[in-house]
Amino acid sequence: MFLRRFVSTLEPVPKIRSFSSYSSHDFASEIAELNQEMESVFGEPPSSSFPAGSGGQKISPESHPTTSKTPQNESNPGLTHVDNKGESQMVDITSKGITNRVAIASCKVLLGRRVFELVSANQMEKGDVLGVAKIAGIMGAKQTSNLIPLCHGLNLSHVQVDLTLNACDLSVDIVGKATCSGKTGVEMEALSAVAVAGLTVYDMCKAASKNIVVTDLRLEHKSGGKSGEWSSKKP
């Protein structure tokens, strides 16, 4: 076979093989023929070939093709809260522009008939359920960066929390709105507002029932920033 004839023409050297006895033309034709034979044997061409060079070029048997390594942060460009070591980090917003940010969130607290009637009549032992929950929601929005580890501390312009009794499903519907002028959004502040308000309703009413459910926590709307406007009601 050609492989055996080709190897026999090479002068043995302890650590490297020299192809200095071949002209550049003969060397190229031999390599091309070698590649064809290897492809016929293995079903595919070799992954790398000997570099073409002058007759005096030497190739070391210990040499191996280098494999490029992609940094972790480049291989996962969408993971903005992970650094190139795979560790959590706060996103750097230094270069982002200041825009008006608005976010609206909502949730629902299912009370059950007995608790609903007590709250409606303002007869809960702990006092005004809706009034206390409203204040708690505003405070929750202001404490978001202390509750959520990687959130930025924001200078909020306004926080609004509204609680409405819903007789259709014996619940309290909660809507929270947070606004600011800054470099990052206020979605988490709006979500924290309604979540804390909902939990406060539970705390104010738990003596009357342990079957209260806080549910449907969601973002309804946001605007501002690079991503612009978004609404859950859009198809």
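- The stretch residues 185-198 participates, sequence neighbours left out, in these side-chain hydrogen bond (donor to acceptor under 3.5 Å, both in side chains) pairs: Thr144-Ser192.
- Between Thr184 and Leu154, the closest side-chain pair of non-hydrogen atoms falls below 4.5 Å.
- Of the candidates Thr215, Leu170, Asp216, Thr215 is the only one forming a side chain to side chain contact (heavy atoms under 4.5 Å, CB included) with Leu110.
- Sorted by first and then second residue, the side-chain hydrogen bond (donor to acceptor under 3.5 Å, both in side chains) pairs with a member in residues 110-124 form an empty list; sequence neighbours excluded.
- The closest side-chain heavy-atom distance from Ser106 to Ile174 is not below 4.5 Å.
- Looking only at side-chain heavy atoms (C-beta outward), Leu163 and Val201 come within less than 4.5 Å of each other.
- Proximity of a side-chain donor or acceptor of Thr99 to a complementary backbone N or O of Gly225 within less than 3.5 Å is detected.
- Hydrophobic clustering (side-chain heavy atoms under 4.5 Å, transitive across Ile, Leu, Val, Met, Phe, Trp, Tyr) groups Val214 together with Leu118.
- Using a 4.5 Å cut-off between side-chain heavy atoms of Ile, Leu, Val, Met, Phe, Trp and Tyr, with links allowed through other members, Val213 and Val115 fall into different hydrophobic clusters.
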For this session: Could you go through the side chain to side chain contact (heavy atoms under 4.5 Å, CB included) check for Leu219 and Trp230 one step at a time?
Result: CA-CA 10 Å; Leu219 180 69; Trp230 179 90; 3.8 Å; yes
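- The CD1 atom of Ile148 sits 12.0 Å away from the CD atom of Gln143 when rounded to the nearest 0.5 Å.
- Residues Met139 and Val159 fall into different hydrophobic clusters, defined by Ile, Leu, Val, Met, Phe, Trp and Tyr side chains chained together at heavy-atom separations under 4.5 Å.
- With respect to the salt-bridge test (charged N to carboxylate O, under 4.0 angstrom), the residues Asp173 and Lys108 qualify.
- More than 12 non-hydrogen atoms from other residues, nucleotides or ligands lie less than 6.0 angstrom from NZ of Lys210.
- Heavy atoms of other residues, nucleotides or ligands lying less than 6.0 angstrom from NZ of Lys134 number more than 12.
- Under the 4.5 Å side-chain contact rule for hydrophobic residues, Val196 and Val175 do not share a cluster.
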For this session: Any chance you could lay out the side chain to side chain contact (heavy atoms under 4.5 Å, CB included) test for Lys177 and His158, step after step, and finish with the verdict?
Result: CA-CA 8 Å; Lys177 179 179 180 181; His158 181 64; 5.6 Å; no
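- A donor-acceptor pair under 3.5 Å is formed between the side chain of Arg101 and the backbone N or O of Lys183.
- No side-chain heavy atom of Asn100 sits less than 4.5 Å from a side-chain heavy atom of Thr179.
- The hydrophobic cluster containing Val109 also contains Leu191, counting ILVMFWY residues as joined when their side-chain heavy atoms lie under 4.5 angstrom apart, directly or transitively.
- Between the Lys222 side chain and the Gly228 main chain, a donor and an acceptor come within less than 3.5 Å of each other.
- Put simply, the side chain of Lys142 never gets that close to the backbone of Ile138: no donor and acceptor are under 3.5 Å apart.
- Note: Met188 CE to Leu150 CG = 10.5 Å, rounded to the nearest 0.5 Å.
- The shortest side-chain heavy-atom distance between Val172 and Asn166 does not fall under the 4.5 Å cut-off.
- Taking 4.5 Å as the limit, some side-chain heavy atom of Val119 sits within range of a side-chain heavy atom of Leu111.
- Between Met204 and Glu125 the shortest side-chain heavy-atom distance does not fall below 4.5 Å.
- Rounding to the nearest 0.5 Å gives a distance of 12.5 Å between CG of Asn211 and SG of Cys205.
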Exercise. Step by step, would you call Lys126 with Asp203 a side chain to side chain contact (heavy atoms under 4.5 Å, CB included)?
Worked result: CA-CA 9 Å; Lys126 287 189 175 182; Asp203 179 64; 3.5 Å; yes
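- Dense packing is recorded around CG of Asn146, with more than 12 heavy atoms of other residues, nucleotides or ligands lying under 6.0 Å away.
- A distance of 8.5 Å separates CZ of Phe116 from CG of Asp169, quoted to the nearest 0.5 Å.
- Expressed to the nearest 0.5 Å, how far CD1 of Ile98 lies from OG of Ser181 amounts to 8.0 Å.
- The minimum heavy-atom distance linking Ala190 with Ala103 is given by the pair CB-O, 3.6 Å.
- Taking OG of Ser232 as the reference point, atom CZ of Arg218 lies at 7.0 Å (rounded to 0.5 Å).
- Atom CE of Met124 has more than 12 neighbouring heavy atoms from other residues, nucleotides or ligands inside a 6.0 Å radius.
- Applying the side chain to side chain donor-acceptor pair (under 3.5 Å) test to Asp162 and every residue at least two apart in sequence or in another chain returns Gln160.
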